Protein chains: 2
Amino acid sequence: MQQSGHLILIIEDEQPIRRFLRASLTSEGYRLNEAASGDEGLRVAASYPPDLVILDLGLPDIDGQEVLRRLREWLTAPIIVLTARDQEQQKITALDAGADDYVTKPFAIGELLARMRTAIRHAQHVASETPTVRIGDLRFDLTARLVFKREEIVHFTPLEYKLLATMLKNSGKVLTHHFLLREVWGPEDSQETHYLRVFVASLRRKLEDDPARPRYVLTEPGVGYRFAAE
Amino acid sequence: MQQSGHLILIIEDEQPIRRFLRASLTSEGYRLNEAASGDEGLRVAASYPPDLVILDLGLPDIDGQEVLRRLREWLTAPIIVLTARDQEQQKITALDAGADDYVTKPFAIGELLARMRTAIRHAQHVASETPTVRIGDLRFDLTARLVFKREEIVHFTPLEYKLLATMLKNSGKVLTHHFLLREVWGPEDSQETHYLRVFVASLRRKLEDDPARPRYVLTEPGVGYRFAAE
DNA sequence: GACAGGCATAAAGATTTCGTAAAGACGGTC
DNA sequence: GACCGTCTTTACGAAATCTTTATGCCTGTC
């Protein structure tokens, strides 16, 4: 009655449950879309992107888990799955595949509504900011471990990324060869400065416009390297 | 009730514990963010960088240790991990991976609060500890090994910097040739006073407005040099 | 005013460090 | 077992730094 009119997609094959949810959610002020099968759910989600999905894992056509995976390929809205009480393993797999929360059938409508509110609130928060660090024309998404240059994704090997992350975490400071080697390669190889030289070279090849005249990965001759502060 | 309103992130899958922590911490005046899974924790941490993280190592989705590692790739705030009593090895691994402290479940809230206070106090201490020294229009950032003149970065070679740092550490005092040579070049070359002349010249060229009429690096004829006190 | 000693500065070797490409070794995958 | 991506190792030209040498300046003394 008071709600913001968020669009909820219900993917549920049992008609009684759908009817029950329809009554409860519309009276809370949500807008609704309903799908009676996984296939239909995917189509509807694509046509009318929902703010939240309620997905029953026990669907007749394709596996509920499969629907979940296919949704998560592009949908960032929260997904709450409904599971039968005796399907413990299912909900773990579902959370793994990107579900945000679960409710066990039979459920109290109050609990479901509460979880919906939390999920939507969270989604809005998380969506409001892309948690990224920007330096020049570079953008770092720390949680996803992605690096963009002029909004184009740049690929790094594990060690390259570790070195870059270490420099970024201490950006602005001069970092000695010894420190970087110890952080990235471990205490054993802290003398092998030639490792650094070849990896710094690859970082530059990928990050800099002119690797010979670096803007980000700067060398401090005789001491180490420094990542440009901003 | 008295607190500074530090933002705490709780990553904990068990709802009862979350509820318990929520009650205790908000009544202490902390602000809270909660995440019920590691994945969510990482997202929330990135969106709302916390002042402290409480991380349960026994999470359902990704391994708690993995969450810890991924957080530490970029987050500098203190992390306190919660471990089960019989998981001795876990907490050692966690501390190794960058956790700041641990609390064993079941825990007394008083102990947790005390450890939180310590961790936050320590973190602030370290953060505020940017030991920059200002002398005239110069600024020395010792941890970053950077020197600025009128907020413009000035580059020094290893020996130049070592000499400058030695003079700065003893600024105001008259330092003999012998002393400076021994500190910078070692006991072997403590007679080679011409080294000093050459390097003092480069320091002046980089630091002084008029190298012929130095303001910072002063000559004490027949004795040595002195770095201006302030 | 000539001279000596200490100092400042520039510039030419000598030495070390750095950047880069490319080859070899390694590990996982199909 | 061949392939791919990654890491390690090697080699060499380029760059930066350190050492050495040379020259000139300033000050004070005789």
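Naming convention: chains lettered A, B, ... in sequence-line order (proteins, then strands); numbering from 1 in each chain. Everything numeric here is computed off the predicted structure, so don't read it as measured data.
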From [atom1] of [X] over to [atom2] of [N], roughly how many Å is that when rounded to an integer?
{"X": "D189(A)", "N": "dC7(D)", "atom1": "CG", "atom2": "C1'", "value": "11 Å"}
{"X": "W185(B)", "N": "dC18(D)", "atom1": "CH2", "atom2": "C1'", "value": "9 Å"}
{"X": "L159(B)", "N": "dT16(C)", "atom1": "CG", "atom2": "C1'", "value": "12 Å"}
{"X": "L196(A)", "N": "dT8(D)", "atom1": "CG", "atom2": "P", "value": "11 Å"}
{"X": "L163(A)", "N": "dT6(D)", "atom1": "CG", "atom2": "C1'", "value": "15 Å"}
{"X": "K206(B)", "N": "dA10(C)", "atom1": "NZ", "atom2": "P", "value": "13 Å"}
{"X": "L218(B)", "N": "dA8(C)", "atom1": "CG", "atom2": "P", "value": "11 Å"}
{"X": "E188(B)", "N": "dT19(D)", "atom1": "CD", "atom2": "P", "value": "12 Å"}

Query - SB check R18(B) E12(B) (cutoff 4.0 Å) - result: no

Query raised in the report: Taking atom CG of L168(B) and atom CG of L163(B), what is their separation to the nearest 0.5 Å?
Result: 11.0 Å

Report summary line: When rounded to the nearest 0.5 Å, the distance separating CG of L55(A) from CG of L9(A) is 8.5 Å

Query raised in the report: Checking T93(B) side chain against Q89(B) main chain: does a donor-acceptor pair fall under 3.5 Å?
Result: yes

Query raised in the report: Are any side-chain N or O atoms of K105(A) and backbone N or O atoms of T83(A), one a donor and one an acceptor, separated by less than 3.5 Å?
Result: no

Report task. Determine which pairs satisfy ring-ring contact (aromatic ring centres under 6.0 Å, His included) with at least one residue from residues 167-186 of chain A, sequence neighbours left out, and list them in order. Result -> H177(A)-Y225(A), W185(A)-Y195(A), W185(A)-F199(A)

Query raised in the report: Base, backbone or nothing for each nucleotide of nucleotides 17-30 of chain C, written B, S, -, heavy atoms under 4.0 angstrom, 5' to 3'?
Result: SBBB----------

**Report entry** Distance test, side-chain N/O of Y195(A) to OP1/OP2 of dT9(D), below 4.0 Å
**Finding:** yes

